[in-house]
Amino acid sequence: MTTWQERVPGCFGCEDKKFAQHALDEGRAKELKEQLDQEKISWALVEKEIKNFLSDCTADHIETEVKEAKRLLCLNTERT
């Protein structure tokens with residue numbers, strides 16, 4: 001089984017590293033959200049993993065993508 005941490009990179013564009021902005025990335029983000037919900041993973045852990053994945057990007061890019069990921073992954077959940 002794929003861990004939720006292993007799913008994070010697949011939710012970002014290969015070139016632009018934008019979260020779920022491309023159809024395949026969006027589908028993988030939905031799969032990630034399902035797994036996060038099932039495993040009751042906190043947003044703090046997800047945010048840390050995303051920041052780690054984006055560590056070679058600018059601070060502005062990281063902030064923007066973390067906000068987008070939170071918007072999509074925390075919708076209708078108790079994850080905060």
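No hydrogens, no waters, no symmetry mates; every other heavy atom, side chains included, goes into these values. All of these numbers come straight from a predicted model, not from anything done at the bench.
Leu24 is listed as a side-chain neighbour of Arg28, based on a closest heavy-atom distance under 4.5 Å. Annotation: side chain of Glu65 is in contact with side chain of Leu54 (closest heavy-atom distance under 4.5 Å). Counting heavy atoms from C-beta on, the side chains of Glu31 and Arg7 come closer than 4.5 Å. The closest side-chain heavy-atom distance from Val46 to Ile50 is below 4.5 Å.
Looking at every heavy atom in both residues, Ala29 comes nearest to Leu73 through O-CD2, 3.8 Å. Here the closest heavy-atom approach between residue Gln35 and residue Trp4 is recorded as NE2-N, 3.4 Å. Heavy-atom minimum distance, Cys11 versus Leu32: SG-CD2, 3.8 Å.
To the nearest 0.5 Å, the span separating NZ on Lys67 from CD on Glu47 amounts to 11.0 Å. The line from CG of Asp16 to NE2 of His61 is 7.0 Å long, rounded to the nearest 0.5 Å. Atom CD of Gln5 sits about 10.5 Å away from atom NZ of Lys48, to the nearest 0.5 Å.
At a threshold of 4.0 Å, the pair Arg71-Glu68 counts as salt-bridged, since one of the basic side-chain nitrogens sits closer than that to a carboxylate oxygen. Under a 4.0 Å N-O distance rule, the pair Lys30/Glu34 does not qualify as a salt bridge.
Annotation: salt bridge (charged side-chain N to carboxylate O under 4.0 Å, His left out) contacts of Lys17 (sequence neighbours excluded): Asp56. With sequence neighbours excluded, the residues forming a ring pair (Phe, Tyr, Trp, His ring centres under 6.0 Å) with Phe12 are Phe19, Phe53, listed by chain and number. With sequence neighbours left out, the salt bridge (charged side-chain N to carboxylate O under 4.0 Å, His left out) criterion links Lys18 to no other residue.
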Discussion item. Under the criterion side chain to side chain contact (heavy atoms under 4.5 Å, CB included), I'd like the reasoning laid out for Lys33 against Leu72: C-alpha separation, chi angles, the key distance, then a yes or no.
Written reply: CA-CA 8 Å; Lys33 182 182 184 313; Leu72 292 173; over 6 Å; no
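Under a cut-off of 6.0 angstrom, the local environment of CD in Glu39 is crowded, with over 12 non-hydrogen atoms contributed by other residues, nucleotides or ligands.
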